[in-house]
Colleague: 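Below are the structure tokens for one structure; questions will follow.
Only heavy atoms go into these numbers, but all of them, side chains included; no hydrogens, no water, no symmetry mates. Every chain is numbered from 1 and lettered A, B, ... according to where its sequence line falls, protein lines coming before strand lines.
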Amino acid sequence: MLDISDFRDNANVIKADHDKRGLPHDNIDEVIRLDEEWRKAVYEQSLARKERNDTAKLISEAKKSGNNDEMQKLLSNVKSLGNKIDELDKFANELKESRDMIRMSIPNVLHDDVPVGDDDEGNTLHSEHGNKPSFSFEPRTHNDLLEMNNWADLPRAAKITGSRFYFLKGDLARLEMALQSYSVDFMTKKNFTLMHPPTMMNRKAYEGVTDLTDFETVMYGVEPDGYYMIATSEHPLTAMFMDEIIEPSLLPIKLVGVSPCFRREVGAHGQSDKGIWRVHQFTKIEQIIISLPEKSWEHHEDMLQNCIDLWNSLDIHYRVVNICTGDMGTVASKKYDLEAWLPGPNEFKEIVSCSNCTDYQANRLKMRYRTPEGNSTVHTLNSTAVATSRALVAIMEQNQLEDGRIKIPDVLQPYMNGQKILEAAPF
RNA sequence: GCGACAGUCGCAUAGCCUGGUAUUGCGCAGGAUUGCUAAUCCUGUGGGUUUCACCCGCGCGUGUUCAAAUCACGUCUGUCGCGCCA
């Protein structure tokens with residue numbers, strides 16, 4: 001959510017941003033109009049309250065001095081005031097709620113570097129890394145490799161849960177754990193603190209970190225408790241500082257979260273998503289930074305560099321793209337994706353998302369830090385380090401051997417007791 | 001799950017019984033003064049608005065009242081005890 005002062009003082013900035021995104025200005029104008037009406041209503045309400053407070057004081061004095069006539073007169077004068085205040089109160093609250101409902105739907109202001117484009121075709125190439133592997137045979141898709149080696153059981157997962165769930169089996173499940181341990185160690189060495197967050201969140205906290213439409217399309221609801229399964233550890237690890245005033249000496253706060261992630265994937269279909277590429281549950285190691293506003297762009301580049309270092313160490317061929325206006329969500333101001341090359345479908349596909357959300361989440365969550373001039377809003381950043389299911393796909397496809405077995409990346413071998421090749425599971 | 005107690009400004013506290021608009025300490029920031037590893041004193045330190053002022057704010061919500069941190073009801077969270085449990 002954008003700060004209300006941005007609408008009062010810098011509406012032209014938001015409007016220019018909407019022009020860049022190809023959005024109309026209606027919502028911005030409506031927020032400004034409702035805000036003006038709200039301020040008027042609040043002023044009137046405070047006048048009425050002042051009248052009541054003043055009279056209450058006089059009543060108190062009259063009572064003390066035993067002036068009963070005066071007291072009765074004042075009481076009859078002030079009787080109706082309560083209703084008036086209630087009405088003004090209700091009116092002002094309605095205006096504020098309408099204002100903020102629309103305000104919440106208005107996306108973050110984009111960084112100047114964000115390219116203009118209608119969809120992912122408009123994303124621009126930032127850099128390319130690693131060497132494209134060449135094969136003396138026709139490389140298989142990860143789905144074929146899973147079947148050949150019995151590394152995943154999707155039919156039985158569908159039987160007990162539903163489609164897009166899976167049992168990971170044997171060496172591939174072990175590689176999944178190795179990936180987690182390796183990437184956690186990697187991030188810990190960069191002074192990120194390891195966090196295991198709650199896997200469910202309540203509605204209030206969740207509204208602070210995500211686009212409201214996500215409640216319909218992304219998160220699973222848990223009834224009757226009214227909780228939501230987390231779609232990423234970004235959400236609990238950012239929202240954990242909700243309503244807090246952070247000592248500036250603690251900033252930047254750098255966290256590496258490990259958690260299962262749950263996504264409904266409403267509207268996602270297609271042959272290209274067979275196997276474990278797009279699933280309802282996966283494990284993700286996530287970078288989080290809570291930062292001073294003036295440092296956040298520097299941290300954004302640092303997080304990207306962490307990803308580059310990490311994925312280079314896994315010896316994966318990938319590229320970095322700068323996400324364009326049409327492919328950007330509501331919350332981020334700028335976003336890089338890492339896309340791994342998959343020899344099976346012969347495409348680059350998303351494995352990492354690295355975002356600076358500036359103060360958009362922090363405004364809603366009231367996450368502030370102390371300054372000599374008063375409290376000011378922090379910036380929040382998040383980036384995938386490794387989403388294990390997609391990392392496994394990239395490793396399987398790029399490291400496949402002719403017989404369908406997989407070479408384990410060198411840096412992961414110590415986490416596999418020195419094993420060099422993934423062997424098939426027995427069933 | 002049951003019972004008791006608790007929740008007050010960044011932290012810690014007083015106020016609650018007996019309703020009249022939040023006290024004190026610490027921390028932090030600014031200033032003054034004196035300079036012995038620093039001290040002392042003053043000021044400020046939740047949010048909002050039409051900002052020399054006013055309004056709101058005592059976990060959250062509702063009620064009673066001219067008036068609620070204070071009384072009543074509900075709810076959430078925490079602590080302790082009991083029960084259950086990996």
Side-chain angles (χ1 to χ4, degrees), chain A residues 1-9 31-101 103 196-208 222-228 236 239-253 260 290 292-294 359 362-378:
Chain A
M1 184 170 68
L2 296 174
D3 196 292
I4 191 64
S5 64
D6 293 336
F7 291 87
R8 292 174 189 166
D9 309 332
V31 168
I32 293 168
R33 186 185 71 80
L34 287 167
D35 182 52
E36 281 167 4
E37 279 194 34
W38 171 74
R39 286 155 84 176
K40 231 177 269 174
V42 161
Y43 180 64
E44 278 184 36
Q45 177 213 54
S46 75
L47 288 183
R49 282 182 190 275
K50 178 169 165 48
E51 192 182 341
R52 184 175 69 178
N53 289 345
D54 290 345
T55 312
K57 232 173 258 174
L58 292 176
I59 290 170
S60 170
E61 281 162 20
K63 196 177 173 187
K64 259 184 226 161
S65 62
N67 191 342
N68 261 330
D69 290 353
E70 177 69 10
M71 197 167 98
Q72 288 309 321
K73 203 175 121 200
L74 289 166
L75 283 177
S76 66
N77 281 349
V78 83
K79 270 272 199 271
S80 62
L81 211 51
N83 288 336
K84 189 182 168 193
I85 289 170
D86 284 348
E87 273 168 37
L88 285 169
D89 214 34
K90 209 175 142 201
F91 182 55
N93 279 337
E94 277 166 14
L95 285 169
K96 194 178 186 185
E97 264 173 40
S98 320
R99 181 195 77 180
D100 288 343
M101 194 66 83
R103 184 153 68 111
H196 280 195
T199 315
M200 301 179 205
M201 289 170 67
N202 63 42
R203 175 94 192 191
K204 180 170 180 280
Y206 225 133
E207 280 181 353
V222 180
E223 293 307 334
D225 298 282
Y227 297 151
Y228 293 87
M240 67 185 285
F241 300 102
M242 176 168 75
D243 294 328
E244 291 194 27
I245 297 168
I246 303 167
E247 288 299 333
S249 61
L250 297 175
L251 299 173
I253 296 171
I290 315 290
L292 294 170
E294 62 269 27
D359 60 359
N363 278 328
R364 189 74 209 286
L365 291 166
K366 295 199 178 71
M367 283 165 56
R368 293 159 297 168
Y369 68 102
R370 207 179 292 286
T371 77
E373 294 78 35
N375 297 327
S376 190
T377 309
V378 298

Colleague: Regarding A:Arg39, tell me which of base, sugar-phosphate or nothing describes its non-hydrogen contacts under 4.0 Å with the strands shown.
Modeller: sugar-phosphate
Colleague: So that I can tick it off, tell me whether A:Arg33 and A:Glu37 are bridged by a salt bridge, with the cut-off set at under 4.0 angstrom between side-chain N and carboxylate O.
Modeller: yes
Colleague: Which part of the nucleic acid does A:Ile245 contact within heavy-atom distance under 4.0 Å: base, sugar-phosphate only, or nothing?
Modeller: sugar-phosphate
Colleague: Need to verify one output field. Residue with the more 5' nearest nucleotide on RNA chain B, A:Tyr43 or A:Ser46?
Modeller: A:Tyr43
Colleague: Counting N and O atoms only, with roles assigned by atom type, does the side chain of A:Asp100 sit under 3.5 Å from a partner on the main chain of A:Arg103, one being a donor and the other an acceptor?
Modeller: no
Colleague: What is the distance, to the nearest angstrom, from the CE atom on A:Met240 to the P atom on B:U77?
Modeller: 19 Å
Colleague: Under 4.0 Å: is that the gap between some side-chain N or O of A:Arg52 and OP1 or OP2 of B:A67?
Modeller: yes
Colleague: Output yes when at least one side-chain N/O atom of A:Asn53 is less than 4.0 Å from OP1 or OP2 of B:C66, else no.
Modeller: no
Colleague: Mind checking the P distance from B:G20 to B:G15? Whole angstroms is fine.
Modeller: 14 Å
Colleague: Looking only at atom P, what distance separates B:A69 and B:C16, rounded to whole Å?
Modeller: 14 Å
Colleague: In whole Å, measure the gap between the C1' atoms of B:G3 and B:C54 for me.
Modeller: 47 Å
Colleague: Which whole-number value in Å describes the distance from A:Glu51 CD to B:A67 P?
Modeller: 13 Å
Colleague: Could you tell me whether the side chain of A:Arg203 and the main chain of A:Tyr227 form a donor-acceptor pair under 3.5 Å?
Modeller: no
Colleague: Under a 3.5 Å cut-off for both contacts, is B:G1 paired Watson-Crick or G-U wobble with anything, and if yes, with which nucleotide?
Modeller: B:C82
Colleague: Using purine N1 to pyrimidine N3 plus N6-O4 or O6-N4 for Watson-Crick, or N1-O2 and O6-N3 for G-U wobble, each under 3.5 Å, what pairs with B:U23?
Modeller: none
Colleague: Ignoring backbone atoms, test whether A:Arg368 places a side-chain nitrogen or oxygen under 4.0 Å from the OP1 or OP2 oxygen of B:G47.
Modeller: yes
Colleague: Measure from the side chain of A:Ser60, starting at C-beta and using heavy atoms only, and say which of B:G48, B:G27, B:G20 lies closest.
Modeller: B:G20
Colleague: Does B:G44 have a Watson-Crick or wobble partner in any strand here, with both distances under 3.5 angstrom, and which is it?
Modeller: B:C28
Colleague: Let's go through A:Asp359 and A:Met1 carefully: what are the C-alpha distance in whole Å and the side-chain angles of both, what is the deciding distance for side-chain contact (heavy atoms from CB on, under 4.5 Å) to 0.1 Å, and is it a yes or a no?
Modeller: CA-CA 8 Å; A:Asp359 60 359; A:Met1 184 170 68; over 6 Å; no
Colleague: Rounding to a whole Å, what distance do you find between A:Ile85:CD1 and B:U65:P?
Modeller: 15 Å
Colleague: Who are the side-chain contact (heavy atoms from CB on, under 4.5 Å) partners of A:Asp3, not counting sequence neighbours?
Modeller: A:Ser5, A:Asp6, A:Asn363
Colleague: At a cut-off of 3.5 Å, list every protein nitrogen or oxygen paired with a nitrogen or oxygen from nucleotides 29-31 of chain B, distance to 0.1 Å.
Modeller:
none

Colleague: Would you mind pulling out the nucleotide paired to B:A68, Watson-Crick or G-U wobble, both distances under 3.5 Å?
Modeller: none
Colleague: Would you mind telling me which of B:C55, B:U50, B:G48 lies closest to the side-chain atoms of A:Arg49?
Modeller: B:C55
Colleague: Atom CD1 of A:Ile246 to atom P of B:U45: distance rounded to whole Å?
Modeller: 22 Å
Colleague: Starting at atom CG of A:Asp243, determine the distance to atom C1' of B:G10, rounded to an integer number of angstrom.
Modeller: 13 Å
Colleague: Between B:U65 and B:G19, how many Å separate the two C1' atoms, rounded to a whole number?
Modeller: 9 Å
Colleague: Could you measure between the two C1' atoms, the one in B:A39 and the one in B:U33, and give it in whole Å?
Modeller: 11 Å
Colleague: From C-beta outward on A:Lys50, which listed nucleotide comes closest to its side chain: B:G20, B:C55, B:G48?
Modeller: B:C55
Colleague: Hey, which sits more toward the 5' end of RNA chain B by its nearest nucleotide, A:Ile59 or A:Ile4?
Modeller: A:Ile4
Colleague: In the strands shown, is B:G35 matched to any nucleotide by a Watson-Crick or G-U wobble pair with both distances under 3.5 Å, and which?
Modeller: none
Colleague: If you measure from the P atom in B:G57 to the same atom in B:G48, how many Å do you get, rounded?
Modeller: 15 Å
Colleague: Starting at CZ of A:Arg203 and ending at C1' of B:C76, how long is that distance when rounded to a whole Å?
Modeller: 18 Å
Colleague: Looking only at atom C1', what distance separates B:U51 and B:A4, rounded to whole Å?
Modeller: 48 Å
Colleague: Using purine N1 to pyrimidine N3 plus N6-O4 or O6-N4 for Watson-Crick, or N1-O2 and O6-N3 for G-U wobble, each under 3.5 Å, what pairs with B:U49?
Modeller: B:A53
Colleague: Under a 3.5 Å distance rule, please check whether A:Arg364 uses its side chain to pair with a backbone N or O of A:Glu207 as donor and acceptor.
Modeller: yes
Colleague: Assess the residue pair A:Tyr369 and A:Leu251 against the criterion (side-chain contact (heavy atoms from CB on, under 4.5 Å)); give the C-alpha distance rounded to whole Å, side-chain angles, the decisive distance to 0.1 Å, and a yes or no.
Modeller: CA-CA 9 Å; A:Tyr369 68 102; A:Leu251 299 173; 3.8 Å; yes
Colleague: Can you tell me which nucleotide in B:U50, B:G10, B:G20 comes closest to the side chain of A:Ala56?
Modeller: B:G20
Colleague: Got a salt bridge between A:Lys90 and A:Asp86, using NZ or NE/NH1/NH2 to carboxylate O under 4.0 Å?
Modeller: no
Colleague: Over how many whole Å does the gap from A:Gln45 atom CD to B:C54 atom P extend?
Modeller: 16 Å
Colleague: Hey, is A:Arg49 close enough to A:Asp89 for a salt bridge, meaning N to O under 4.0 Å?
Modeller: yes
Colleague: Does any nucleotide pair with B:U77 by Watson-Crick or G-U wobble geometry, both distances under 3.5 Å, and what is it?
Modeller: B:A6
Colleague: Tell me whether the side-chain N/O atoms of A:Asn375 come closer than 4.0 Å to OP1 or OP2 in B:C9.
Modeller: no
Colleague: Given 3.5 Å as the limit, does a donor-acceptor pair link the side chain of A:Ser98 with the main chain of A:Glu94, or not?
Modeller: yes
Colleague: Whole-Å distance between B:G10 P and A:Phe241 CZ?
Modeller: 17 Å
Colleague: Is there a Watson-Crick or G-U wobble partner for B:C58 with both distances under 3.5 Å, and if so, which one is it?
Modeller: none
Colleague: Consider the side chain of A:Arg8, meaning its heavy atoms from C-beta on, and name the nucleotide among B:U49, B:C54, B:A67 that approaches it most closely.
Modeller: B:U49
Colleague: If the P atom of B:G7 is compared with that of B:C85, how far apart are they to the nearest Å?
Modeller: 34 Å
